[in-house]
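Chain A is the first sequence line, chain B the second, and so forth, proteins listed ahead of strands; every chain is numbered from 1.
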Amino acid sequence: MPENASKNFIEEIVEENIASGLIKTPITRFPPEPNGYLHIGHAKAICLDFGIAKEYGGYCNLRMDDTNPTKEDVEYVDSIQEDVRWLGWEWKNLYYASDYYQQIYDWAIHLIREGKAFVCDLSADEIRWHRGTLTEPGKESPYRNRSAEENLDLFERMNKGEFAEGARVLRAKIDMAHPNLNLRDPVIYRIVHTPHHRTGNTWHVYPMYDFAHGQSDAIEGITHSLCTLEFEDHRPLYNWFIENLPVPHKPRQIEFARLNITYTVMSKRKLLQLVKDKHVSGWDDPRMPTICGLRRRGYTPESVREFVAKAGLSKRPQTVDLALLDFCLRQDLEEKATRRMVVLDPLKVVITNFPEETELYEGQNLPSDPARGSRMVPLTREIYIEREDFMENPPKKFFRLYPGGEVRLRYACYITCTEVIKDAEGNITELRATFDPLSRGATTPDNRKVKGTIHWVSATENTPLEVRLYDPLFSKENPDDVEEGKSFLDNLNPESLKVVTAYGENDLAHAQPGERFQFERKGYFCVDKDSRPGAVVINRTTTLRDVWGKRFGDKAE
RNA sequence: UGCCCGAUGGUGUAAUGGCAGCACGAAUGGUUCUGGCCCAUUUAGUCUAGGUUCGAGUCCUAGUCGGGCAGCCA
């Protein structure tokens, strides 16, 4: 670990705890509820939980927080494991909160015996009335002073399935006037008859989050239970249980701010809505901030981890620029991604003085690393160039192709535009050009400079590709910033996906799903899982940084 | 008109009573067979008012602003 790098506040706490002898090494846990897919916000928690443990020689458990059988499913426990592993982490133990049901139940009995919990027959609504408001104290339940014997009997019968859901709950007996609502005799067990995905019909009562989480931490010997800010108000309750139960270990809960990113939404509810209403193709749609979506889009685990690290950690709500994620991706792939030439928006150029035969030119797979080898690219009389690489009436400082102008075809030769061919509507349909035979190999004996180098592909020797061009899913930095009566869906970016047929170098026909490339001058791309031999599908992960496009992109038309 | 938490450039994050720094973004220039990468430069910040102190972004008080909390969700 770098000694002089600044520490975040949780690292500081852990270091203090080690220095004072409170702990030898930190033991953490990542505790998702298996009721949905992980997103990049979870990636922050994952990197924190696993990262802290690793940094200080401890370990981290993966714990499925499965205390609500009505919402959870095995489908999710598989995807969660896959996503955590993909991010590059390995857990010490895979646990389930449901593994601890018996112990947690016994602790509830303990509380009852101690006179610190009671069975309450109030309905959900009645409990709500009794809870009071933010400014007024609550009222005690009429069932609050039942005898321990009666409570025990009732609680056992609740668990045997004798009562309907909602008929009774078990509540901790704390303080109905407490300014923190969480301590106003919170419900700790409720009746649920839905079978649990792991324990089946064994139980008819299930512990609430507050009664399961801290105790699960205690059982596992968790030293630092890291969670997001909305649980801050629950910490006094978390501690109350730890203090009032004969737990084998006392964990400490520490909260941090959850991660938001510009131009996206992060709540499970909203992501679910995007999927259900078919605004995206599924949880792994490459525009989704889910881990599986990022993976499919082409982001690397390294880039996601770096992004999370760069975003930092604190207790104030953070909204990080999406640009930072893309920066991390480009930084990672700059030195890794194989380079290829692909024309996304083709404009045909006929090189009138070019021989009929195909000529082959050598292109580096990764110019900065000769060890990565090269491939031969076929140049023919007719080629495609990017439509935006030609302008009939170029502005100053445009150094691509224009009538009478000369550019370098990457790795091949210099061409000069001699003629612009248009259709009846005046659209440019084709260009004529001549090449300088002395420029073969892309330099000339006279060493003359050409300002522009553009990518190209043979019009006759190429492979067509379905390329999916992604842009942010929302057109507003904060999609939730809406007028009265509107929702985040009104901020969906109608142009978040454009599908084009592109033409690429021939070997791309064999590209495998998951394979990543830099298409020179265009961006980073990743072969989609929909890809088939003969029908290659490629996602644009992100564009290259583009000064020209930013400055003149719109005006240049 | 309750309780809890927070407030440093556009964004994120450091400075732990002693020169407000780093990264992203933005801008400018250099370099270049990718208008990429790289290099250099620039831009821009301590919420307010008091107090403690030789000295306050940091400590104290009050205020302002922002976030969270009234599921038998997590």
Side-chain angles (χ1 to χ4, degrees), chain A residues 5-8 12 31-33 35 65-68 70-72 120 122-124 127-129 131-138 165-171 178-184 186-192 205-206 208-210 212-213 227-236 255 257 259 262 268 307 310-328 330-331 334-335 339 341 363-364 367-368 397-400 408-412 414 441-443 450-455 477 518-523 543-552:
Chain A
S6 69
K7 306 277 194 284
N8 66 50
E12 284 178 5
E33 182 186 17
N35 73 340
D65 212 350
D66 56 351
T67 55
N68 186 350
T70 64
K71 292 195 172 173
E72 294 146 11
C120 182
L122 257 24
S123 70
I127 287 182
R128 185 157 53 244
W129 310 147
R131 189 155 27 230
T133 69
L134 293 175
T135 53
E136 298 161 313
E165 290 188 7
R168 297 181 217 267
V169 292
L170 184 69
R171 295 223 256 164
H178 200 104
N180 181 339
L181 289 315
N182 293 124
L183 298 190
R184 318 244 263 227
V187 172
I188 60 177
Y189 262 95
R190 76 288 213 190
I191 297 169
V192 178
V205 291
Y206 290 86
M208 297 287 290
Y209 165 85
D210 285 309
H213 203 93
C227 64
T228 44
L229 246 31
E230 69 269 24
F231 293 101
E232 212 159 17
D233 289 337
H234 293 244
R235 179 162 21 99
E255 311 85 17
L259 170 71
T262 54
K268 264 185 196 176
F307 169 72
K310 277 190 153 62
L313 188 76
S314 73
K315 294 194 70 161
R316 88 187 83 144
Q318 62 173 189
T319 300
V320 181
D321 272 339
L322 180 59
L324 184 62
L325 212 211
D326 283 346
F327 168 81
C328 293
R330 294 186 190 115
Q331 183 180 249
E334 164 67 25
E335 305 172 331
R339 309 296 143 109
M341 292 194 288
Q364 301 299 309
S368 61
K397 286 195 170 177
F398 179 84
F399 42 86
R400 278 113 96 155
R408 172 189 290 117
L409 296 181
R410 175 82 155 150
Y411 294 127
Y414 297 178
T443 53
V450 281
K451 201 67 170 132
T453 299
I454 64 175
H455 63 282
E477 268 204 23
Q518 184 199 98
F519 293 162
E520 293 208 5
R521 305 207 306 134
K522 298 275 58 167
T543 58
L544 258 28
R545 207 167 143 266
D546 178 11
V547 180
W548 171 263
K550 251 176 201 142
R551 229 185 314 172
F552 299 95

| Contact class for A:Arg235 vs. all strands (heavy atom < 4.0 Å): base, sugar-phosphate, or nothing? | nothing
| said: Using O4'-C1'-N9-C4 for purines and O4'-C1'-N1-C2 for pyrimidines, with syn meaning within 90° of 0, is B:G63 syn or anti? | reply: anti
| message | Side-chain N or O of A:Arg521 versus OP1/OP2 of B:C33: is the shortest distance under 4.0 Å? | response | no
| Looking for any heavy atom pair under 4.0 Å, which part of the strands does A:Gly363 touch: base, sugar-phosphate only, or nothing? | nothing
| Would you say the side chain of A:Gln364 lies within less than 4.5 Å of the side chain of A:Tyr411, judging by non-hydrogen atoms? | yes
| said: Just to be sure I understand the rule, does A:Ile454 reach a base, reach only the sugar-phosphate, or reach nothing, if contact means heavy atoms closer than 4.0 Å? | reply: nothing
| task | Go through A:Thr70 and A:Val192 one step at a time and tell me if the side-chain contact (heavy atoms from CB on, under 4.5 Å) criterion holds. | result | CA-CA 8 Å; A:Thr70 64; A:Val192 178; 3.8 Å; yes
| Tell me: CG of A:Leu544 to P of B:G35, nearest whole Å? | 9 Å
| field | Inter-nucleotide C1' distance (B:U58, B:G17), Å rounded | value | 7 Å
| message | Between A:Asn180 and A:Asp233 (side chain of the first, backbone of the second, donor and acceptor by atom type, cut-off under 3.5 Å), is there such a pair? | response | yes
| note | Separation of B:G36 atom P from A:Lys451 atom NZ, nearest Å, is 11 Å
| query | Which part of the nucleic acid, if any, lies within contact of A:Asn68, taking any heavy atom under 4.0 Å across all strands shown: a base, the sugar-phosphate backbone alone, or nothing? | reply | sugar-phosphate
| query | So what does A:Phe231 touch, heavy atoms closer than 4.0 Å: a base, only the sugar-phosphate, or nothing? | reply | base
| said: For a quick check of understanding: with a heavy-atom distance under 4.0 Å over all strands, which category does A:Phe398 fall into, base, sugar-phosphate or nothing? | reply: base
| task | With P as the reference atom in both, quote the distance from B:U48 to B:U8 in angstrom, rounded to an integer. | result | 11 Å
| request: Identify whether any heavy atom of A:Ser314 sits under 4.0 Å from a base atom; if not, whether one sits that close to sugar-phosphate; answer base, sugar-phosphate or nothing. | output: sugar-phosphate
| field | Nearest-nucleotide pick for A:Glu33, side chain only, options being B:G36, B:A74, B:G12 | value | B:A74
| task | Just call it for A:Tyr206: base, sugar-phosphate, or nothing, with non-hydrogen atoms closer than 4.0 Å on any strand. | result | nothing
| said: I'd like to know if the side chain of A:Arg330 reaches the main chain of A:Thr543, judged simply by a donor and an acceptor atom lying under 3.5 Å from each other, with no hydrogens or angles considered. | reply: yes
| said: How many whole angstroms separate atom CG of A:Leu229 from atom C1' of B:A74? | reply: 15 Å
| Base-contact (B) and sugar-phosphate-only (S) positions in nucleotides 21-29 of chain B, heavy-atom cut-off under 4.0 Å, - elsewhere | --SSSS---
| query | Can a salt bridge be assigned to the pair A:Glu255 and A:Lys315 using a cut-off of 4.0 Å between side-chain N and carboxylate O? | reply | yes
| request: Could you check whether A:Val169 gets within reach of a base, just the sugar-phosphate, or nothing at all, counting any heavy atom under 4.0 Å? | output: base
| For the pair made of CG in A:Leu134 and P in B:C5, what is the distance, rounded to whole Å? | 16 Å
| query | For the atom pair CZ (A:Arg521) and CZ (A:Arg410), what is the distance rounded to the nearest 0.5 Å? | reply | 9.5 Å
| Expressed in angstrom and rounded to an integer, what is the separation of A:Arg410 atom CZ from B:C33 atom P? | 10 Å
| How would you label the contact of A:Thr67 with the nucleic acid (heavy atoms, under 4.0 Å): base, sugar-phosphate, or nothing? | sugar-phosphate
| query | Looking only at N and O atoms, is any donor in the side chain of A:Gln518 or the base of B:U34 less than 3.5 Å from an acceptor on the other one? | reply | yes
| request: Take atom CZ of A:Arg316 and atom P of B:G68, then tell me their distance rounded to the nearest Å. | output: 17 Å
| said: Looking at A:Tyr414, is its backbone amide N or carbonyl O close enough to the side chain of A:Arg408 to form a donor-acceptor pair, meaning the two atoms are under 3.5 Å apart? | reply: no
| request: Please state how far atom CE in A:Met208 lies from atom C1' in B:A74, giving the value in whole angstrom units. | output: 9 Å
| request: Can you run through RNA chain B from 5' to 3' and write each base as (, ), [, ], | or . depending on how it pairs? Watson-Crick or G-U wobble, both distances under 3.5 Å. | output: .((((((..((((....[..))))((((((.......))))))...(((((..]....))))))))))).....
| Which whole number of Å gives the distance between the C1' atom of B:A23 and that of B:A14? | 11 Å
| Sugar-phosphate, base or nothing in reach of A:Thr319, heavy atoms under 4.0 Å | sugar-phosphate
| Given the C1' atoms of B:A26 and B:U34, what is the spacing between them in whole Å? | 23 Å
| field | Check: A:Glu72 side chain, A:Asn68 main-chain N or O, donor-acceptor pair, under 3.5 Å | value | yes
| Ignoring hydrogens and geometry, is there a side-chain-to-backbone donor-acceptor pair from A:Thr228 to A:Glu230 under 3.5 Å? | no
| request: For the side chain of A:Ala311, starting at C-beta, report the closest nucleotide among B:A70, B:G12, B:C69. | output: B:G12
| query | Just checking A:Leu122: base, sugar-phosphate only, or nothing, at a heavy-atom cut-off of under 4.0 Å? | reply | base
| request: Report yes if a donor N or O on one partner sits less than 3.5 Å from an acceptor N or O on the other, where the partners are the side chain of A:Glu334 and the base of B:G36; otherwise report no. | output: yes
| With A:Phe307, which residues qualify under ring-ring contact (aromatic ring centres under 6.0 Å, His included), at least two apart? | none
| task | Flag as yes if A:Trp548 stacks onto the base of B:G35 (centroids under 5.5 Å, planes under 30°), otherwise no. | result | yes
| task | Look only at the side chain of A:Arg184 and the backbone of A:His178, and say whether a donor-acceptor pair between them is shorter than 3.5 Å. | result | yes
| message | For a quick check of understanding: with a heavy-atom distance under 4.0 Å over all strands, which category does A:Arg408 fall into, base, sugar-phosphate or nothing? | response | base
| query | Which whole-number value in Å describes the distance from A:Lys7 NZ to B:A15 P? | reply | 11 Å
| A:Asp321 side-chain N/O to A:Ala323 backbone N/O, donor-acceptor pair under 3.5 Å | no
